[in-house]
Amino acid sequence: MTKVTINPGVCGLVTTVEAESEDGMEVTLRVKSGCSAVRQMMEALGDTFDGYELCLGKPGTGPLYEYASEHFPGHCACPTLAGILKAAEVACGLALPRDASITFETE
């Protein structure tokens, strides 16, 4: 099982993900989020996905981004969807488990 915590920044609406795949093709996502938009998305889409459809599309495509483009508020830079997808990638064996970050540098 792959576990990630996504802290999206100033909103403080932390999301945790547990992703699990037995065959590398189908992935189950257990998502808990302080963000009502993320909770509603997961409720609408369910928790089981084709890992290849979910993870191997072009940037901004796939079931999560398609849902978000129609239903999410206007925060296109939110890293939560990318974090959920990274968890799914690792659970399916499509990526290695490495931390990612966005760091603001002040002068």
Side-chain angles (χ1 to χ4, degrees):
M1 178 183 334
T2 301
K3 296 180 183 182
V4 300
T5 299
I6 306 152
N7 184 338
V10 70
C11 71
L13 301 175
V14 173
T15 297
T16 60
V17 181
E18 292 181 355
E20 193 164 20
S21 178
E22 293 184 15
D23 61 5
M25 298 178 80
E26 183 176 270
V27 62
T28 301
L29 300 174
R30 287 179 290 287
V31 177
K32 295 179 182 176
S33 182
C35 177
S36 63
V38 171
R39 290 193 310 271
Q40 290 169 9
M41 176 182 69
M42 297 311 297
E43 186 175 308
L45 297 179
D47 64 358
T48 304
F49 299 88
D50 177 312
Y52 286 29
E53 178 187 3
L54 191 67
C55 299
L56 296 181
K58 293 184 182 275
T61 65
L64 301 187
Y65 282 108
E66 288 171 9
Y67 180 93
S69 72
E70 292 182 27
H71 303 283
F72 272 29
H75 296 286
C76 64
C78 176
T80 301
L81 293 182
I84 294 170
L85 293 172
K86 292 299 285 181
E89 282 182 331
V90 170
C92 290
L94 300 171
L96 295 173
R98 298 293 183 264
D99 290 345
S101 66
I102 299 169
T103 304
F104 289 93
E105 298 182 20
T106 57
E107 295 181 33

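Just so it is clear, the model here is predicted, and its values are computed rather than measured. Computation of the quantities below employed the complete heavy-atom set of this structure, encompassing side-chain atoms and omitting hydrogens, waters and symmetry-equivalent molecules. All residue numbers in this chain count up from 1 along the given sequence.
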How would you list, by chain and number, every residue that makes a salt bridge (charged side-chain N to carboxylate O under 4.0 Å, His left out) with Arg39, sequence neighbours excluded?
none
Output all residues satisfying salt bridge (charged side-chain N to carboxylate O under 4.0 Å, His left out) with Glu18, sequence neighbours left out; order by chain, then residue number.
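For Glu18 the salt bridge (charged side-chain N to carboxylate O under 4.0 Å, His left out) partners, ignoring immediate neighbours, are Arg30.
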Quick one: side-chain contact (heavy atoms from CB on, under 4.5 Å) partners of [X], sequence neighbours excluded?
| X | result |
| --- | --- |
| Thr5 | Val14, Thr16 |
| Pro97 | Val90 |
| Pro79 | Pro8 |

Compare every heavy atom of [Y] with every heavy atom of [X], then report the nearest pair and how far apart it is.
| X | Y | value |
| --- | --- | --- |
| Leu29 | Ala88 | CD2-CB, 4.1 Å |
| Val27 | Ala19 | CG2-CB, 4.3 Å |
| Val4 | Ala87 | CG2-CB, 3.8 Å |

Scan Leu13, Leu64, Ile6, Val31 and name whichever one has a side chain to side chain contact (heavy atoms under 4.5 Å, CB included) with Val38.
Val31
Among residues two or more places apart or on two chains, list those pairs meeting salt bridge (Lys or Arg N to Asp or Glu O under 4.0 Å) that have a residue in residues 59-78.
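Output for this query is empty, none listed.
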Quick one: list whatever passes side-chain hydrogen bond (donor to acceptor under 3.5 Å, both in side chains) with Thr15, sequence neighbours left out.
Ser33
At what distance, to the nearest 0.5 angstrom, does CD of Glu20 lie from SG of Cys92?
11.0 Å
Residues sharing Val10's hydrophobic cluster, by side-chain heavy-atom contacts under 4.5 Å among ILVMFWY, directly or via others?
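Its cluster mates, by chain and number: none.
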With sequence neighbours excluded, tell me which residues meet ring pair (Phe, Tyr, Trp, His ring centres under 6.0 Å) with Tyr65.
none
So, using ring pair (Phe, Tyr, Trp, His ring centres under 6.0 Å) as the criterion, who are the partners of His75 when residues are at least two apart?
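Once residues adjacent in sequence are excluded, His75 has no partner under the ring pair (Phe, Tyr, Trp, His ring centres under 6.0 Å) criterion.
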Take atom CE of Met1 as the centre, draw a 6.0 Å sphere, and report whether it contains more than 12 heavy atoms from other residues, nucleotides or ligands.
yes
Return each pair, listed once, that meets side chain to side chain donor-acceptor pair (under 3.5 Å) where at least one residue sits in residues 85-107; pairs must be two or more places apart or across chains.
Lys86-Glu89
With a 3.5 Å cut-off and sequence neighbours excluded, list the donor-acceptor pairs that the side chains of residues 40-55 form with protein atoms.
| from | atom 1 | to | atom 2 | distance (Å) |
| --- | --- | --- | --- | --- |
| Asp50 | OD1 | Tyr52 | N | 2.8 |
| Asp50 | OD1 | Glu53 | N | 2.9 |

